[in-house]
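Comments concern the structure below.
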Amino acid sequence: MLEFMEYIQLAFAEATHWNRDNSYSSLTTTTQSILDFSTPERLRVRLSSLSTPQFATSYTLGTVGLLDGSISYLFSTVPFHNTPSRSALIPLRKVSPGYRQVQAPVSPVQTWGWDWLLDGVNIPGLKNQTRPASSDGKDNNNATEDATQRKPTLLHASLHLPSPTTLYALFLRRISPTMQLSLAVCSTRGPPLSKSAPQASMLAQLSHDTGKYSNEYLFSTDNALFGWRGLWNFGPDPRQTRDDAPPPLSLLSAGAEAYYSPVSSLLGMSTGLRFSTLPAATDVPSSRKSSSSSHPTPISTFPYTLTLTLTPITGSLSTSYSLRASPNLAFSSRFAFNVYSWESEMVAGCELWRRAKKSTSAPDDGLEWARRKMRMHDFSASLSGSAPTSPLLSDPVHPESESASKSVGEDGEANDSVIKLRIDQSWNMRLLWEGRVKELLVSAGVGLGPGSFSPSPSVSSASSAGGSVQSGGGPSYWRGVGVSVMYSS
């Protein structure tokens, strides 16, 4: 489950219309969300709050051997008025990433009010760098327009305790409609009695997204590492596509990345392909909706995504296939092979969403027998299909119960829960449950596998996840178990 600050950062990307899918780093995000999830470590509690529409705080307390925790702050120039912040209202599918439906690439919003770029430039449809008001007299999102008059900026800092304390800081800024700058800093303080200077590193990333292609330029102070990542989308250029053009049904993307460090003479590179169906592929075409000779059927029965990645230097080859069999069920599999060592890896997993309907039954107040008695007088009306004529036949305690039952489908997502399962060729298993309990977002997971066997029954061992400790008796299949609880307001 994503942390609250990560959820706010995703809301920032959506508010600024930044396409996270149009990046080489997101090439295998769908597979990683289903197969590479992590289970909680012991017990962890998170308390978060969106104090103002532009300021958020978060506190974390965990017990992994010793007590540890973190304090986080976030500020954004873009207000989050329409972003749910209460844990009882946050959509679970936002904080529990699963199968991600890749969206068609779109051209960047060029009508944003970049004051220092648009000085003296006349753009059709704009007056003083603002859109004209709609003719129907309605409010045309004035708050959104005012927010886009300045370049969106996000500041985030997180301090992890206890010693050695670690400070993470993030500076994110949209410097133009197609470019975004990100600066991430990590500083770790040494032991209390150590006089050594804190270890610090900075990662700078400049992203350029045009819709048709994207480039990312990276620099890290750690070993003076330079990097580049690029992604190219086959098909028509969204910047030159007409508004009345039919939406694309699928998307084929190719990308690559390269890294080089002149200090350590480190060289790395990889390349990859992704083929994914788009939302229009599962929709019923409009031309077939009007046809009465046959039942309209979508072109594709379910969304799916295929990826292929290759690392030539290390000889690693990885393929993955993910599909969403239904709105609440998704499967994914990955096969990795190394041509130099002949080692292979096979991982399969699935996620199952469950919608718990809200209970609309009224509590027993001792008068239910009288209401049933009165309903008998309008029994003939119920047989004829007409509505009850007497106002006494309605429920005086919960008159809105009927309308509430109709809206269960709309509000049912507030009570969603998901079960994720993965297994590899060594029979290592992970099981994760994430859902809502009252006002809390709860994540509980367990890890099982033969890898947790102890070499000696008398020797105690602990898994790397810090979840199981074994002593005497015999081998244990438990590799880790934990619970994470998050509350936000």
Any heavy-atom pair between the side chains of [Y] and [X] that's under 4.5 Å?
X: R93; Y: V418; answer: no
X: V339; Y: L317; answer: no
X: T277; Y: F302; answer: no
X: L74; Y: Q9; answer: yes
X: T57; Y: F55; answer: yes

Could you note down all residue pairs passing salt bridge (Lys or Arg N to Asp or Glu O under 4.0 Å) where residues 334-351 supplies at least one of them, sequence neighbours left out?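 Every pair satisfying salt bridge (Lys or Arg N to Asp or Glu O under 4.0 Å) with a residue in residues 334-351: D36-R334.
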Any donor-acceptor N or O pair under 3.5 Å, side chains [X], [Y]:
X: S332; Y: Y99; answer: no
X: S322; Y: T31; answer: yes
X: Y7; Y: T83; answer: no
X: S488; Y: S48; answer: no

Sequence-distant partners of [X], side chain to side chain contact (heavy atoms under 4.5 Å, CB included), two or more places apart:
X: E3; value: E6, R46
X: S182; value: L170, L172, Q205
X: Y259; value: L225, R229, E257

Start with the C-alpha distance between S23 and W18, add both sets of side-chain angles, then the distance that settles side chain to side chain contact (heavy atoms under 4.5 Å, CB included), and finish with yes or no. CA-CA 11 Å; S23 171; W18 185 259; over 6 Å; no
Ignoring hydrogens, what is the shortest heavy-atom contact between S443 and L432? Give both atom names and the distance.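 Smallest heavy-atom distance, with atoms named: OG-CD1, 3.4 Å.
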Describe, in one word, how the ring planes of W342 and F337 are oriented to each other, choosing from parallel (under 30°), tilted (30 to 60°) and perpendicular (over 60°).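 Perpendicular: the ring planes of W342 and F337 meet at over 60°.
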Of R100, Q101, R324, which is the lone residue that meets side-chain contact (heavy atoms from CB on, under 4.5 Å) with T30?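 Exactly one option meets the side-chain contact (heavy atoms from CB on, under 4.5 Å) with T30, and it is R100.
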Keeping to residues at least two apart or across chains, list the ring-ring contact (aromatic ring centres under 6.0 Å, His included) pairs with something in residues 156-183.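 For residues 156-183: H160-Y168.
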Step through the shown structure and confirm whether more than 12 heavy atoms of other residues, nucleotides or ligands are within 6.0 Å of CG on N223.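 Atom CG in N223 is crowded, with more than 12 foreign heavy atoms closer than 6.0 Å.
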For S316, all residues meeting side chain to side chain donor-acceptor pair (under 3.5 Å), sequence neighbours excluded: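 With sequence neighbours excluded, S316 shows a side chain to side chain donor-acceptor pair (under 3.5 Å) to T314, N338, given in chain and number order.
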What do the steps show when you test Q199 against T166 for side chain to side chain contact (heavy atoms under 4.5 Å, CB included), and what is the final call? CA-CA 9 Å; Q199 299 179 358; T166 303; over 6 Å; no
Regarding R20 and D209, does a basic nitrogen lie under 4.0 Å from an acidic carboxylate oxygen?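 Between D209 and R20 there is no salt bridge, as every charged N stays at least 4.0 Å from the carboxylate O atoms.
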Begin from the C-alpha positions of M5 and Y73 and carry the test side chain to side chain contact (heavy atoms under 4.5 Å, CB included) through to its verdict. CA-CA 8 Å; M5 292 303 182; Y73 298 95; 5.5 Å; no
